[in-house]
Amino acid sequence: MSWNDKKRPREEASIKSMVTLLHNYEMSQTPGKEELQDRYQLSDMFFHNMESIIKTQEKKSRRRNLRRSLAAVAAAAAALLVITQPQIIAIGKEWMVYWFQDHVSFQFAEDTDINWVPRYEFGYVPEGFELVIDDYYDISGYIHYENEQGNRFFLDYGEIGGGLNVDNENKDFIILTGIHGEKIYYLRAQNAGDDSSMTWIGTDGITKFNLISDLPEKDLLKLQENIRISEKEPDSNIKN
């Protein structure tokens with residue numbers, strides 16, 4: 001524990017003691033109930049007016065609560081409409097892409113019986129970046145790099161079954177064509193320093209990829225172009 005950490009409780013105790021003393025002093029200067037009754041005689045009209053004000057405020061409060069409830073219902077209905085009727089922004093052979101208010105959803109055609117995908121690696125790593133995580137579990141993998149400045153890039157990949165949701169806040173949606181002919185769904189950050197993402201299906205037709213980074217677009221594209229298989233299943237004819 002630092003000296004400042006030790007000092008802080010003593011300062012808080014001193015402040016609390018000072019506030020208590022001031023409060024006690026103010027209370028000691030307040031006239032008693034009998035003295036106040038002798039000084040101030042409140043009329044019947046005063047109590048009548050106060051009762052009227054309280055009733056008026058209660059009515060306003062009930063109306064305000066009703067308006068809030070109706071607004072909440074309207075907001076929920078609007079959200080439900082967006083969820084049940086999202087905008088379709090792309091249709092592919094393997095999936096459909098939906099645009100929601102807070103994310104893009106990639107809905108794949110159907111679950112598959114695939115029980116293995118190749119292990120991948122980055123063939124290009126920008127200078128200064130170190131590997132943080134490289135996990136692989138037969139049907140999925142995750143690779144994460146960072147540098148000393150806190151910049152990062154990571155790749156999430158796995159078999160194509162199921163769905164995938166990607167944040168779309170303050171991002172532009174662009175469709176690119178990769179060097180292998182793959183269609184890349186690019187969510188480009190509008191603000192410098194925010195994460196952009198690229199999502200695509202490998203040319204093998206069984207592996208989905210999601211690359212996320214706060215690096216500039218040219219570096220992100222170079223990372224995507226140089227993702228390669230690092231381990232193949234023995235006697236496998238699957239190609240990237």
Side-chain angles (χ1 to χ4, degrees), residues 83 86-126 131 133-145 152-169 171-189 194-240:
I83 291 173
Q87 180 185 1
I88 299 176
I89 54 177
I91 300 176
K93 179 180 178 182
E94 300 90 352
W95 57 16
M96 297 181 70
V97 185
Y98 297 89
W99 183 276
F100 291 82
Q101 286 186 334
D102 60 353
H103 69 280
V104 171
S105 178
F106 296 86
Q107 299 297 325
F108 299 92
E110 59 183 19
D111 290 336
T112 68
D113 58 358
I114 297 170
N115 56 19
W116 181 90
V117 296
R119 187 170 190 166
Y120 287 84
E121 65 182 5
F122 285 99
Y124 160 76
V125 175
L131 179 64
I133 300 173
D134 185 1
D135 287 337
Y136 174 71
Y137 303 100
D138 290 339
I139 62 170
S140 66
Y142 178 80
I143 311 172
H144 186 159
Y145 279 82
R152 77 258 179 81
F153 62 88
F154 55 88
L155 176 69
D156 198 355
Y157 63 92
E159 57 91 15
I160 197 174
L164 174 67
N165 295 328
V166 181
D167 174 42
N168 65 0
E169 185 177 3
K171 293 180 175 63
D172 299 317
F173 183 80
I174 303 168
I175 298 178
L176 305 174
T177 300
I179 60 173
H180 303 293
E182 71 275 25
K183 186 175 290 185
I184 303 171
Y185 298 90
Y186 179 27
L187 286 166
R188 182 175 61 191
D194 288 350
D195 286 336
S196 298
S197 69
M198 291 184 176
T199 305
W200 71 96
I201 296 175
T203 54
D204 59 9
I206 66 170
T207 311
K208 62 186 176 187
F209 297 86
N210 186 37
L211 172 63
I212 298 177
S213 177
D214 57 3
L215 293 175
E217 181 176 316
K218 64 177 183 178
D219 292 324
L220 192 59
L221 286 168
K222 193 169 182 179
L223 287 169
Q224 192 275 336
E225 292 172 358
N226 288 278
I227 293 170
R228 64 192 183 192
I229 294 175
S230 63
E231 292 181 14
K232 289 185 177 181
E233 186 179 31
D235 301 324
S236 173
N237 293 321
I238 297 175
K239 297 180 180 180
N240 181 28

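The chain is numbered in sequence order, starting from 1. Please read all numbers here as calculations on a predicted model, not as lab measurements.
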Asks: How would you list, by chain and number, every residue that makes a side chain to side chain donor-acceptor pair (under 3.5 Å) with Asn226, sequence neighbours excluded?
Replies: none

Asks: Does the side-chain contact (heavy atoms from CB on, under 4.5 Å) test come out yes or no for Leu155 and Tyr142, once each step is laid out?
Replies: CA-CA 6 Å; Leu155 176 69; Tyr142 178 80; over 6 Å; no

Asks: Kindly write out the residues that satisfy side chain to side chain donor-acceptor pair (under 3.5 Å) with Asn210, not counting sequence neighbours, or none if the list is empty.
Replies: Thr199

Asks: Would you compute the distance between atom CD1 of Ile143 and atom OG of Ser230 and round it to the nearest 0.5 angstrom?
Replies: 7.0 Å

Asks: Report the residues that fulfil side chain to side chain contact (heavy atoms under 4.5 Å, CB included) with Ser196, sequence neighbours left out, ordered by chain and then residue number.
Replies: Tyr186, Arg188, Ala189, Leu220

Asks: To the nearest 0.5 Å, what is the distance between NZ (Lys208) and OG (Ser140)?
Replies: 9.0 Å

Asks: Search all heavy atoms of Glu225 against all heavy atoms of His180 and return the closest pair with its distance.
Replies: O-NE2, 4.4 Å

Asks: Please name all residues satisfying side chain to side chain donor-acceptor pair (under 3.5 Å) with Asp167, sequence neighbours left out, ordered by chain then number.
Replies: Lys171

Asks: Please list, chain by chain and in numerical order, all residues satisfying side chain to side chain donor-acceptor pair (under 3.5 Å) with Tyr145, sequence neighbours excluded.
Replies: none

Asks: What closest approach, in Å, do Asp156 and Gly141 show between heavy atoms, and which atom pair accounts for it?
Replies: OD1-O, 3.3 Å

Asks: Are any of the side-chain heavy atoms of Ile212 and Phe153 separated by less than 4.5 Å?
Replies: no

Asks: Got Asp134 and Phe122 here, is their nearest side-chain heavy-atom distance under 4.5 Å?
Replies: no

Asks: Who pairs with Asp195 by salt bridge (charged side-chain N to carboxylate O under 4.0 Å, His left out), at least two apart in sequence or on another chain?
Replies: Arg152

Asks: Taking all atoms of both residues into account, what is the closest heavy-atom pair of Gln101 and Asn168, and its distance?
Replies: O-OD1, 3.5 Å

Asks: With rounding to the nearest 0.5 Å, note down the distance linking CD1 in Ile174 to CD in Glu217.
Replies: 6.0 Å

Asks: Begin from the C-alpha positions of Leu176 and Leu221 and carry the test side-chain contact (heavy atoms from CB on, under 4.5 Å) through to its verdict.
Replies: CA-CA 10 Å; Leu176 305 174; Leu221 286 168; 3.9 Å; yes

Asks: Looking at residues at least two apart in the chain, or sitting in another chain, which of them share a side chain to side chain contact (heavy atoms under 4.5 Å, CB included) with Ile114?
Replies: Thr112, Val117, Glu159, Ile206

Asks: Starting at OG1 of Thr177, measure out to NZ of Lys183 and round the result to the nearest 0.5 Å.
Replies: 7.5 Å

Asks: Looking at residues at least two apart in the chain, or sitting in another chain, which of them share a salt bridge (charged side-chain N to carboxylate O under 4.0 Å, His left out) with Asp138?
Replies: none

Asks: With sequence neighbours left out, write down each residue that passes ring-ring contact (aromatic ring centres under 6.0 Å, His included) with Tyr157, or none if nothing qualifies.
Replies: Tyr120

Asks: Considering all heavy atoms of both residues, which atom of Trp116 and which atom of Ile139 are nearest to each other, and what is their separation?
Replies: N-CG2, 3.6 Å

Asks: List the steps, then state whether side-chain contact (heavy atoms from CB on, under 4.5 Å) holds for Phe209 with Ile201.
Replies: CA-CA 6 Å; Phe209 297 86; Ile201 296 175; over 6 Å; no

Asks: Which residues pass the ring-ring contact (aromatic ring centres under 6.0 Å, His included) test with Tyr124, not counting sequence neighbours?
Replies: none

Asks: Is there a side-chain contact between Phe106 and Val166, using heavy atoms and a 4.5 Å cut-off?
Replies: yes

Asks: Atom CD1 in Ile227, atom CD in Glu121: separation rounded to 0.5 Å?
Replies: 10.5 Å

Asks: Kindly write out the residues that satisfy side chain to side chain contact (heavy atoms under 4.5 Å, CB included) with His103, not counting sequence neighbours, or none if the list is empty.
Replies: Phe100, Ser105, Asn165

Asks: Assess the residue pair Val97 and Tyr185 against the criterion (side-chain contact (heavy atoms from CB on, under 4.5 Å)); give the C-alpha distance rounded to whole Å, side-chain angles, the decisive distance to 0.1 Å, and a yes or no.
Replies: CA-CA 9 Å; Val97 185; Tyr185 298 90; 4.0 Å; yes

